[in-house]
Amino acid sequence: MNSDFLEIKDLKKSFGTGEARQDVLRGMNFTVKKGEFCVLLGPSGSGKSTLLNIIGGIDTPDEGYVSINGDKLEEMNESQLTMYRRKHLGYVFQMYNLIPNLNVKENIEVGAYLSDKPLNVDEVIETLGLQDHKYKYPSQLSGGQQQRVSIGRAVVKNPDILMCDEPTGALDYKTSKEILALIEDCNKKFGSTVIMVTHNEAIKYMADHVIKLRDGIVRHNDINDKKISAAELEW
Amino acid sequence: MRNPLIKRVPRELKSDWHKYLVIIVFMVLMIGVISGMYVGHDSMLAAVYEGREVLNLEDGSFELNKKASSELLEDIETGKKADVRAYYIEKGYKEADEKVAEAIEEELEKKVKAAIEDGVRAQCSAFGITDEDLIGEQIDKAIKEKFDEAVKEAKDSDEYKESVKDAYKEAHDKVIEAVDEEWDKVSEKYELDEDTEPVRVKIYENFFHDEPEDNNNDGKEDATVRIYRSDLAIDMASFNEGRAPENDHEIAVDRMHADNVGITIGDRITIGSKEYEIVGLLSYVNYLTLHQSNTDLMFDAFGFDVAMVTPEAFEKLSSRLHYNYAFLYEDEPVTKVEKADFSSAFLKSLITQTLVHDNEIEDYLPEYLRQASNFAVTDIEGDSTGASILCYILIGVIAFIFAVTISNTIDKEASVIGTLRASGYSKRELIVHYMSMPLVVTVIGAVVGNVLGYTAFKDLAVSLYYNSYSLPTCHAVWSNTAIVKTTVIPLILMFFINLFVIVKKLQLSPLRFLRHDLAKKRKAKAMRLPKWAFLKRFRLRILFQNMPNYLILIFGVILIELMLCFAFGLPDSLNYYAKNAPDMMFSEYQYMLMGIEDSDGNTIETSEESAEKFYVTNLLYPKKRSTFREGMGSGGDESVTVYGIIDGSDYVDLAEHGAYVSGAFSKKFGLHEGDEITLNAEYENKSYEIAIKGTVDYDGGIAVFMDEETFRETFEVKEDDFSGFFSHKKITDIDDQDIATVITAEDITKVTNQLMHSMGKFMDVFKYALIVLAAALIYLLAKIIIERNEHSISMVKILGFKNSEIGSLYIIPTAFVVVAFAIIGFFAGLYLMNWVFKAFMLQMDGYFAFYMKPGSMVLAVIYLLVGYAFVSLIDFIRIKKIPLDVALKNVE
């Protein structure tokens, strides 16, 4: 965790035109170091999901740039962006978006298939505590279990960056903590940089780097020296 | 690592088996029926073509008045023309010499006797004898004593020799003159003067007896049976069932005739006065249709039969033996023109050789003109049109189903697609993934369909041919047409349509997939609705919200109506044509003559007042060969009858001199006044450019009408060389043997009836297949609408709406759309069908427009509505089955 791995520079993004125009990102600047657990915090409409999507290469800024390891995303064409996502990113969404007719193991394999350096699928399943469910279909799992699978699908790629968009948004307190602990584990165990979007203030305590957004700009950009483990979180 | 997404394909098939089963059944039926038609068609033709080789089909045959001498047969086989003129001269000389010799003898006798009498009278006068009795006695005595010596003396005289020479010369000159005169006529008629290459042939005896057949042994004649020996080496038969006769009491009869009159192996029939047991049902290679005479417009498988008995039994038959000889050319002609040239050259040899060998030709028929062996083949070659139309309609329907299904699947899986794309799956990988399902389904449909096509449906198609013709047994052959039309084209179509839809759908960004934002346009504002009851407004909202789905449904309804129009309209069109064909005839009778002179050489005339002479010739109109089945009959040239009509005709009214096309000709090929067409002779390398002056209102055939003068000028026909008579009434004073064919209203109906008979069963198959397919399509479309609304339905369930309310919310708008568009869809389908039918008529010979009875029109709409009523019941069950958690689990 020494060099700037991810750089966000003067990032601007708006939706709509004329009177309906809404500036979602209004000049955003920050950097993230490799292996950092970074939390993007903010209320609804603060632009955190849009920011995450731009970092993930599935949305584009109007101005400014995102650079990963020195490579600027806006200089990449569509297939290069696909390769970028394929090789470097893991995505975890609030909705798990699992493939209904693939079982747990196969859903995780969907991620493994994309990677040149995938983790061992069974090990990941074990880490996620899903060994008893690995042949179940998503419809046979609880929300928390489904989210674990979704995390498994992302981390099995052994990605450089794990993008998490409100991963606990649809989960109860206990399950949320379990999921956060898992993401924390992955961060430590596999060294992935984690960028997590959340509106849950409590989560900032487990992060290395907390960026608070409001109205499309960075309000606070803090390094957390006193981070605690997910298990210790309370809200 | 293998892409794990591939595992979804079998699971998807299993989980949504209703839908895929319907699609697969649809494809299997479509591919099976059409493939069966083509395989049956191609197998039948292959069997017929093979039969022509194996069973040694003749190149032609001729019948002689008496058995041919071996010299005659040998001379005919050389293919050389006999020197008929020399033969006539020699014969004339012989006759003339006999007559001259007789005349000379008579004259000499008369003169010698007169000289002797003169001598005796002079002597008597010198002696004063006047008694005539005494003089007479003296004359008789003198003649007795001196006649021979006087004759000898006279014959030795130079004067005698000179006059005998003169007499013979004069007689010979007259013979030559007479022969030349006759020769000119004959040689002109048969073009005997032309130098032709001799056409060598091999001749086979193919004698037959035409006997009365009593097939129920009630003493009454039921049919005429043409009986051949079982040991013939030409025009042989193949056995559909049973075997060849082995003893005097056994017979094998035509299979089609047996089917028609209800006799079979083991039955006993009476031929002449003798009973035979049927031991075989056969198909003679030269009697695929039972045309008793080649001039019969239609065959008669009830009243005519062909049969085989042992040579011993054949010898015992009592009716007149027909000395029929079949021949094969040593060098096989290939093209039609070659066949015509060979036949005409051979005929010259036959005529001349028969003449010089003192025999007489009763009948001559080259094989290429033989109806009994060509009618069925031409008919089979051309009758895959129905299957072709159906094939294209169904391929369109299938493509539509897949486009809708795949588009629906992508909409349903938007989040998954978004996630996969966000995770780094490339568009290509997803395209391949989503392409695999429709292709797998098409391949399953194609494989099962083809297996059925080559087995059950092929047998069905073949049995339909067997219902019409006396065909040999056939075995399934590989049909390129079937595989291309039912498998390759649907697969290619499926591939490209799905590729197009999927590529287009996957153009959206991963984010839009994740947000389920798949609509091209976003609605600016919700439409304001009148203050109706809540449920009514809700329903209307559902209707608006599902507009794209309903557009698909409407398109589907049009396709269903197109299929139903085909199912009901094809038999209607044939029936309508059959019913109206007699009214289309411009003349109640058309007598086509064998020649303009009767057997006595007099020009054929009739006392029938309504009779009117006409000229006619048959030519070919070249079609554009746009189909890949060209050369299989359906793609061949159109046969055009060109009539020459006399001025002031009672039958055809031509406004001016020139050429007019029939209504059918004009409609089929879009010909108009001022157009120029080229017509070609079928058996000669001749072409005629014809400028169209207008149209004659005649839909009964593809014809050109010209005034007499134009006709004669165009085709270089002499004024007297007319072809026959039009007549309102039956002509009774022309000898039957001078009439080639009489076309009456009945004959036209016979043709269409036969068409109905041979195509009718196909049409029933098509009809039922199409009704099943139409039901399957409406089922799929309705299912798609419910599937697309699953979330909303689940949500309103959560809100507490009852199933009946939800049913009324979601089914009534769909029902409204189906009912409203059933009628509009019908007219759109009818319009499309008319267009499709017209396009396919181009591949057939002749023309008739697509027609639907009003009753069928109503049925086409009712079938759709009844089908939908059943489907809406299924929809209601579907709605009841949608679980509440669909909305809960996937809400974002």
Side-chain angles (χ1 to χ4, degrees), chain A residues 16 20 49-50 52-54 56-60 78-103 105-116 118 121 137-139 141-143 146 150 153-154 156-157 159 163 165-166 169-170, chain B residues 1-17 20 409 412-434 437 503 506-517 522 524-525 790-791 883 885-892:
Chain A
S49 287
T50 306
L52 192 76
N53 290 337
I54 292 173
I58 58 174
D59 206 349
T60 49
E78 209 195 314
S79 61
Q80 285 169 325
L81 277 173
T82 302
M83 285 314 284
Y84 158 70
R85 292 196 299 268
R86 191 178 184 113
K87 301 298 169 205
H88 303 292
L89 296 190
Y91 248 111
V92 179
F93 295 96
Q94 180 179 354
M95 288 317 301
Y96 335 112
N97 295 343
L98 300 177
I99 298 172
N101 48 10
L102 293 185
N103 62 29
K105 189 179 179 191
E106 288 158 353
N107 262 292
I108 293 173
E109 281 172 348
V110 166
Y113 169 74
L114 294 170
S115 179
D116 297 333
V121 174
Y137 287 101
S139 61
L141 302 175
S142 69
Q146 287 193 53
S150 154
R153 180 177 62 191
V156 76
K157 287 170 76 179
M163 317 281 286
D165 190 356
E166 299 275 15
Chain B
M1 185 178 184
R2 255 177 74 194
N3 190 338
L5 292 179
I6 205 149
K7 293 178 182 162
R8 300 185 69 203
V9 177
R11 291 182 197 162
E12 172 81 18
L13 269 176
K14 201 175 151 193
S15 67
D16 217 352
W17 66 270
Y20 290 111
T409 308
K412 248 172 75 178
E413 300 206 332
S415 325
V416 170
I417 293 169
T419 307
L420 292 173
R421 290 280 286 125
S423 303
Y425 270 85
S426 66
K427 251 189 252 173
R428 200 185 64 83
E429 282 166 325
L430 293 184
I431 289 169
V432 169
H433 172 60
Y434 284 101
M437 178 58 84
V503 166
L506 291 180
Q507 285 306 326
L508 299 175
S509 69
L511 201 57
R512 288 185 67 181
F513 276 107
L514 284 166
R515 288 176 180 157
H516 274 267
D517 176 19
R522 288 187 193 89
K525 259 185 200 172
E790 252 181 3
H791 277 113
D885 63 355
V886 170
L888 289 178
K889 276 194 171 171
N890 289 313
V891 166
E892 292 181 36

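Chain identifiers are assigned alphabetically (A, B, ...) following the order of the sequence lines, protein sequences preceding nucleic acid strands; residue numbering begins at 1 within each chain.
Heavy-atom distances place both the backbone and the side chain of A:Asn101 under 4.5 Å from chain B. In this structure, chain B has heavy atoms under 4.5 Å from both the backbone and the side chain of A:Glu109. Residue B:Lys427 touches chain A through its side chain alone, counting heavy-atom pairs closer than 4.5 Å. With a 4.5 angstrom heavy-atom cutoff, A:Ala154 does not touch chain B via any of its atoms. For B:Arg421, the parts lying near chain A are the backbone and the side chain together; criterion is any non-hydrogen pair under 4.5 Å. Contacts between A:Leu81 and chain B at a heavy-atom distance below 4.5 Å are absent for every atom of the residue.
Most heavy-atom pairs under 4.5 Å with chain A: of the set B:Val416, B:Leu511, B:Leu5, this distinction falls to B:Leu511. Chosen from B:Arg428, B:Lys14, B:Arg8, B:Glu12, the residue pairing most often with chain A at heavy-atom distances under 4.5 Å is B:Arg8.
Residue B:Ser423 is tested with A:Arg85, A:Lys157, A:Met163, A:Arg86 for a side chain to side chain contact (heavy atoms under 4.5 Å, CB included); the sole match is A:Lys157.
Heavy-atom minimum distance, A:Thr82 versus B:Ser426: CG2-CA, 3.6 Å. In plain terms, the two heavy atoms of B:Lys7 and A:Leu102 that are nearest each other are CB-CD2, 4.0 Å. Closest approach of A:Tyr91 to B:Ala422, counting heavy atoms only: CD1-O, 3.5 Å. The minimum heavy-atom distance between B:Thr419 and A:Arg153, with the atom names listed, is CG2-NH2, 3.0 Å.
Counting heavy atoms from C-beta outward, A:Ile58 and B:Leu514 have side chains that approach closer than 4.5 Å.
Atoms CD1 and CD, on A:Ile99 and B:Glu413 in that order, are 7.5 Å from each other to the nearest 0.5 Å. The CD atom of A:Glu106 sits 12.0 Å away from atom CD1 of B:Ile6, with the distance rounded to the nearest 0.5 Å. The distance from atom CZ of B:Arg515 to atom CG of A:Asn53, rounded to the nearest 0.5 Å, is 6.0 Å. Rounding to the nearest 0.5 Å places CG of B:Leu420 at 8.0 Å from CG of A:Leu114.
Looking at A:Tyr113, its side chain never comes within 3.5 Å of a backbone N or O of B:Tyr425 through a donor-acceptor pair.
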